[in-house]
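Counting begins at 1 with the first residue of the sequence. The analysis underlying the following values was restricted to heavy atoms, covering all of them including side chains, and did not include hydrogens, waters or symmetry mates. Order of appearance sets the numbers: ligands from 1, and atoms from 1 within every ligand.
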Amino acid sequence: MARVIVVGGGAAGLVAAWRAATLGHSVRLLEANGRLGVKLRISGGGKCNITHDGTPQALLAAFSKAQGRFLRTSFHAFDNGALLALLRREGVETYTRDNGRVFPLDRPGSAAAVVAALETLARRAGVEVHTGARVTALKGTAPRLEALLLDGEALKADAYILATGGASYPETGTRGEILGWLRDLGTPVRPWFPALAPIPLQRPRPAWEGVSLRGGELRLSAGPGGRRLGAFAADIVFTRSGISGPAALELSQAVERARRADGAWLTYASVPEPPTDLDLVLRAEQGANPHLLAASWLKRVLPERLVEVLLQEAGLGPDLRLKDLPKAGRRAMVALVTELDLGEPQAVPLARGEVAAGGVELGAVDPRTMALRGWENLRVCGELLDIDGPVGGYNLQAAFSTGFTAGILG
Ligand SMILES: Cc1cc2nc3c(=O)[nH]c(=O)nc-3n(C[C@H](O)[C@H](O)[C@H](O)COP(=O)(O)OP(=O)(O)OC[C@H]3O[C@@H](n4cnc5c(N)ncnc54)[C@H](O)[C@@H]3O)c2cc1C
């Protein structure tokens, strides 16, 4: 039986501690916050999208190739079915939405129920939980970690599992500092990088706050009319300072990379047709329905709240009828619908991401055990690893599965 210290009482740490304790080890779980699972509690807007439906292979395919390869063993050892069965035994029932996302049953505090279930499991298995315990340093040199510093005191164990998460939402306890300590100990790391975050714009449209553009595609290019660098087909929603919504979150990492390299420019295409086709459609409509208001035509494709402002932006009056629409006006209307200019993004905030990209390089970790290569008694799991999946329950499943693997100590 080994003495094990797990640092971080989030998704990965709770599962790692529970798993190690069920295997007979003596486990202490150190959590900086006053309570466990703070980020889990705010996940999915408090509803906690705990995993995604599908086979392990299907879930793995949602990650980048390298991340999927790394996660394979863990996703088979502790898949979504095993997670849901475990939670069900603790009274947490779940349901799957049409889009494959799995949530605890819709009732107030459903995310808290997931944390409570994991905490109960861990404590029942014998885990000693310490909250308000922020580790301030790692002591040792490869191949052995000698101790952790907590309130100036050196805590020693036979094995250490680091599950301190990423670096977004630092107010939830995840400040990301352990990555720097690991780097100083010689571990290859990739610096934290913003991901799954809202995108602030240089020229935001605060008057549009709350308006969604649906069913189209957010496009990223190197500049106005420049080379296409990426695209994501999903909704966006305007915020006071820019855009959010699924397409914005999924494209945010690429936007920030482009911003730091060649430059970035965003547009939103509300309809899939090329401008020339839509121009033909509009000309046909002008012939067939000359008295139709230009605004009414636009309302077929764009949210009502936007139409008036957009017409203004295009220099067209609200009472303009199709028959009076000049060629330049027609072109301007088509441009609004086919590719609305959102313009240049500002820096994507690391702190507001659902995950942080970057972390311990996957090549530095044995995917079968989560052991840090070159160390005998040190493991890492969860978002501290260089793993960032898309929105949809993938990131929590990665944290649960890698935590499970890390907890299997020989
Ligand atoms: C707003 C938001 C919504 C999200 N929604 C979803 C969702 O619906 N579905 C999904 O799959 N993912 C979601 N995510 C992502 C998901 O929550 C994380 O990927 C996941 O929680 C990572 O688990 P983890 O255990 O690695 O880290 P965390 O859950 O962040 O846990 C790490 C813990 O370590 C503690 N810690 C850090 N440093 C120290 C230290 N020095 N000493 C002691 N303790 C320390 C922290 O206080 C923290 O509690 C969301 C994230 C956010 C921010």
Identify the closest protein heavy atom to atom 43 (C) of ligand 1: which residue and atom is it, and at what distance?
Ala133 O, 3.3 Å
Heavy-atom contacts with Glu383 under 4.0 Å: which atoms of ligand 1 show up? List them by number with element.
18 (C), 19 (O), 20 (C), 22 (C), 26 (O)
Any N/O pair Leu384/ligand 1 closer than 3.5 Å:
no
Which option out of Glu354, Arg352, His130, Glu171 puts a heavy atom nearest to atom 15 (C) of ligand 1?
Glu354
Is the Tyr394 ring parallel, tilted or perpendicular to the Phe63 ring (thresholds 30°, 60°)?
perpendicular
For Val7, the atoms of ligand 1 under 4.0 Å from one of its heavy atoms are 42 (N), 43 (C)
Has ligand 1 got any nitrogen or oxygen that is less than 3.5 angstrom from a nitrogen or oxygen of Ala12?
yes
For ligand 1, which is the ligand I care about here, please tell me if Leu40 has any N or O atom under 3.5 Å from one of the ligand's N or O atoms.
no
Using the ring of Tyr160 (Phe, Tyr or Trp, six-membered ring only), decide whether Arg379 places NZ or CZ under 6.0 Å from its centre and within 45 degrees of its axis.
no
So is there a nitrogen or oxygen of Ser168 less than 3.5 Å from a nitrogen or oxygen in ligand 1?
no
Geometry only, no angles: is Glu177 polar-contacting ligand 1 at N/O separations under 3.5 Å?
yes
Can you name the atoms of ligand 1, numbered from 1 with element, that are less than 4.0 Å from a heavy atom of Gly353?
53 (C)
Under the salt bridge (charged side-chain N to carboxylate O under 4.0 Å, His left out) test, which residues partner Arg69, sequence neighbours left out?
none
For atom 33 (C) of ligand 1, what is the nearest protein heavy atom, given as residue, atom name and distance?
Glu31 OE1, 3.5 Å
